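Take a look at the structure below.
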Amino acid sequence: MREETERNARSKASIEQRVAATKEALIDAGRITQADLDQFASMAEDWRPENGAKVVARAWTDPDFRARLLEDATSACAEMGYAGPQGEYIVALENTPDRHNVIVCTQCSCTAWPVLGLPPDWYKSPAYRARVVREPRKVLREMGLWLSDEVAIRVWETSAETRYMVIPLRPEGARSLNEDALANLVSREALIGVALAAPPAIQSPDNVGITSHSF
Amino acid sequence: MDGIHDLGGTQGFGHIDVEADEPVFHHPWQRTSFALMMATQIILRSHNADEYRHAIERMDPAHYLLCDYYERVLTGTVSLLVEKGYLSREDVERRAGGVFELAGPVSDRPLADLTPQPEARFNLGDRVRVLNISPSGHIRAPKFCRGHEGTVIHRAPKFRFPDTSAHDGERRKEHTYHVEFKSKDLWSDRDAANDSVIVDLWDSYLEFAL
Ligand SMILES: [Fe+2]
């Protein structure tokens, strides 16, 4: 108790100081090396939502690949070079005109790192984790995605080891685009299910992947 | 543990802000925190992913809610390194130049009494109920689905059972199932009748609904 009281009387170390202290203590003790840390930090930079976007674009253009992706997404993603930690068992969820899928991890913040990347701040926020399971339609509307009441929403809670990715509907007006151009229509938000794949007309460097409207 | 981390369905939270072109990390310390989390689990092997998740769950609730995700990552990691003797709190506080907040202790009796289920008991279409259990240790069945009935729509492979794994208990693997719950069965205030929530649940957490 006295130890706690004394601790409360002292000032808290900043997060920068705490991270640096932990790193120094582990390296000084020979537990890990700077090279170990660099290895994992650079892995994180390679896990990008652009990877998942390329998977979606291929599914839109190659019916055999789409079938493989729906049957065994782990293998289909690995076929394109996307595998690794938090990608050990991936399940792809295909949106249809009457069913929309959205992903959450209410208890921590899991995503399929190799295809979605590390989770963005909004996905990790207590507000998203608390609300989207209970009022998905309202949350999606606030985020700019209006779905008709006829569209059933399926919210997928990442409570175990399955890691999900959403295959959004291919936008109308994108029929003539090739695979690379189609991948540019798919944002991280679309892969999680809080946005649609953006039609080519509203794509600009300023609004890519922020909001997609469907009335 | 019925802790602050189990947020699904909690009311009172506000708007969700999406940042355009969000970088992987906003600050260098976040990158280091992530790398420390990975290196301790994969190279040092001081603890496993289930112990790590539970250490974050044991954080002070106010600290948990107010801090950045990568501060939770660091706090969970360092709490375990101190508890297991890899680091001393005095040393990291001296190096940091101030108080280093850590997670609270593990419960004396963290586990629910669940029968191991090495063989898959459930099939597609089965109606199941999540056991109404509230262990004070690690569990991955969110509160909002406990005691509720749903339908098995997918059987996943066997995965390490998180409850015992987080508490140095028996190493066992069980299938998980994607169980679909009608949203209106989970919350009476729902407007959309045809929406659903799918939760990925270990075999031990479930029983047949009659
Ligand atoms: Fe998670």
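All of these numbers come straight from a predicted model, not from anything done at the bench. Every chain is numbered from 1 and lettered A, B, ... according to where its sequence line falls, protein lines coming before strand lines.
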Evaluate side chain to side chain contact (heavy atoms under 4.5 Å, CB included) for B:Thr40 paired with A:Leu26, printing each intermediate quantity in order. CA-CA 9 Å; B:Thr40 50; A:Leu26 287 171; 4.1 Å; yes

Working for ring-ring contact (aromatic ring centres under 6.0 Å, His included), residues B:His15 and A:Tyr128: CA-CA 8 Å; B:His15 195 260; A:Tyr128 181 74; over 10 Å; no

Would A:Val133 and B:Trp187 satisfy side chain to side chain contact (heavy atoms under 4.5 Å, CB included), going step by step from the backbone distance to the final call? CA-CA 10 Å; A:Val133 282; B:Trp187 294 289; 3.9 Å; yes

Test side chain to side chain contact (heavy atoms under 4.5 Å, CB included) applied to A:Glu157 and B:Phe181, step by step: CA-CA 11 Å; A:Glu157 150 76 314; B:Phe181 301 87; over 6 Å; no

Going through the checks in order, is the salt bridge (Lys or Arg N to Asp or Glu O under 4.0 Å) test met by A:Arg134 and B:Asp195? CA-CA 10 Å; A:Arg134 183 159 181 163; B:Asp195 294 346; over 6 Å; no

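Listed here is the closest heavy atom pair of A:Asp36 and B:Ala39: CB-CB, 4.5 Å. Listed here is the closest heavy atom pair of B:Phe13 and A:Ala127: CB-CA, 3.6 Å. Taking each heavy atom of B:Arg140 and A:Cys110 in turn, the nearest pair found is NH2-SG, 4.2 Å. When all heavy atoms are compared, the tightest approach of A:Ser159 to B:Pro142 is CB-CD, 4.3 Å. Taking every heavy atom of both residues into account, A:Lys124 and B:Arg72 meet most closely at O-NH2, 3.8 Å. A:Ala160 and B:Trp202 make their closest contact through CB-CZ3, 3.3 Å (heavy atoms, listed as atom of the first residue, atom of the second, distance).
For the options B:Gly97, B:Ser33, B:Gly14, B:Ser183, heavy-atom pairs under 4.5 Å to chain A are most numerous at B:Gly14. Ranked by non-hydrogen atom pairs under 4.5 Å with chain A, the options B:Tyr86, B:Tyr70, B:Phe34, B:Phe25 are led by B:Phe34. The candidate with the highest count of non-hydrogen atom pairs below 4.5 Å against chain B, out of A:Ala29, A:Gly117, A:Pro120, A:Pro49, is A:Pro120. For the set A:Cys105, A:Ser109, A:Ser14, A:Cys108, the count of heavy-atom pairs under 4.5 angstrom toward chain B peaks at A:Cys108. Among A:Glu16, A:Glu45, A:Glu142, A:Arg31, the residue making the largest number of heavy-atom pairs under 4.5 Å with chain B is A:Arg31. Between chain A and the options B:Val92, B:Ile42, B:Leu36, the largest number of non-hydrogen pairs under 4.5 Å is found for B:Leu36.
In this structure, the portions of A:Ala44 lying under 4.5 Å from any heavy atom of chain B include both its backbone and its side chain. When heavy atoms are compared at a cutoff of 4.5 Å, B:Arg45 does not approach chain A at all. Of the atoms belonging to A:Val139, it is side-chain heavy atoms, and not backbone ones, that fall under 4.5 Å from chain B. Of the atoms belonging to A:Leu118, it is side-chain heavy atoms, and not backbone ones, that fall under 4.5 Å from chain B. Using a 4.5 Å cut-off between heavy atoms, A:Ile32 touches chain B through its side chain atoms alone. Neither the backbone nor the side chain of A:Ser42 comes within contact range of chain B; no heavy atom of the residue lies under 4.5 Å from a heavy atom of that chain. Both the backbone and the side chain of B:Phe100 come within less than 4.5 Å of a heavy atom in chain A. For a residue to count as touching a neighbouring chain, one of its non-hydrogen atoms must lie under 4.5 Å from one of that chain's; by this rule A:Ala20 does not touch chain B. For B:Thr176, the part lying under 4.5 angstrom from a heavy atom of chain A is the side chain only.
B:Asn194 contributes atom CG, which lies 8.5 Å from atom CG of A:Asp149 (distance to the nearest 0.5 angstrom). Here A:Asp121 contributes atom CG and B:Asp17 contributes atom CG; the two are 10.5 Å apart, rounded to the nearest 0.5 Å. Rounding to the nearest 0.5 Å places OG1 of A:Thr106 at 8.0 Å from NE2 of B:His5. Taking CD1 of B:Ile43 as the start and OG1 of A:Thr33 as the end, the distance is 6.5 Å to the nearest 0.5 Å. Between A:Glu135 atom CD and B:Gln11 atom CD the span is 7.5 Å, to the nearest 0.5 Å. From A:Gln107, atom CD reaches atom CG of B:Asp6 across 5.0 Å, with rounding to the nearest 0.5 Å.
Counting heavy atoms from C-beta outward, B:Arg95 and A:Asp28 have side chains that approach closer than 4.5 Å. When side chains are defined from C-beta on, B:Val24 does not count as touching A:Trp47, because their heavy atoms never get closer than 4.5 Å.
Looking at residues two or more places apart in sequence or on another chain, you find a side chain to side chain contact (heavy atoms under 4.5 Å, CB included) between A:Arg154 and A:Arg99, A:Asn101, A:Trp156, B:Ile153, B:Glu180, B:Ser196, B:Ile198. The side chain to side chain contact (heavy atoms under 4.5 Å, CB included) check on A:Ile15 picks up A:Arg18, A:Val19, B:Trp29, B:Glu71, B:Leu74, with sequence neighbours excluded.
Heavy atoms from other residues, nucleotides or ligands lying under 6.0 Å from CD of A:Glu71 number 12 at most. At most 12 heavy atoms of other shown residues, nucleotides or ligands fall within 6.0 angstrom of atom NZ in B:Lys173. Remark: A:Lys12 NZ is loosely packed, at most 12 non-hydrogen atoms of other residues, nucleotides or ligands lying under 6.0 Å away.
Annotation: residues 47-61 of chain B contacts chain A through B:Arg53 [non-hydrogen atoms, separation under 4.5 Å]. When the heavy atoms of residues 77-93 of chain A are compared with those of chain B, the residues falling under 4.5 Å are A:Pro85, A:Tyr89, A:Val91, listed by number.
With respect to A:Asp38 and B:Arg31, no salt bridge is recorded, no charged nitrogen being found less than 4.0 Å from a carboxylate O.
Using modelled atom types and a 3.5 Å distance limit, the side chains of A:Thr162 and B:Asp200 yield a donor-acceptor pair.
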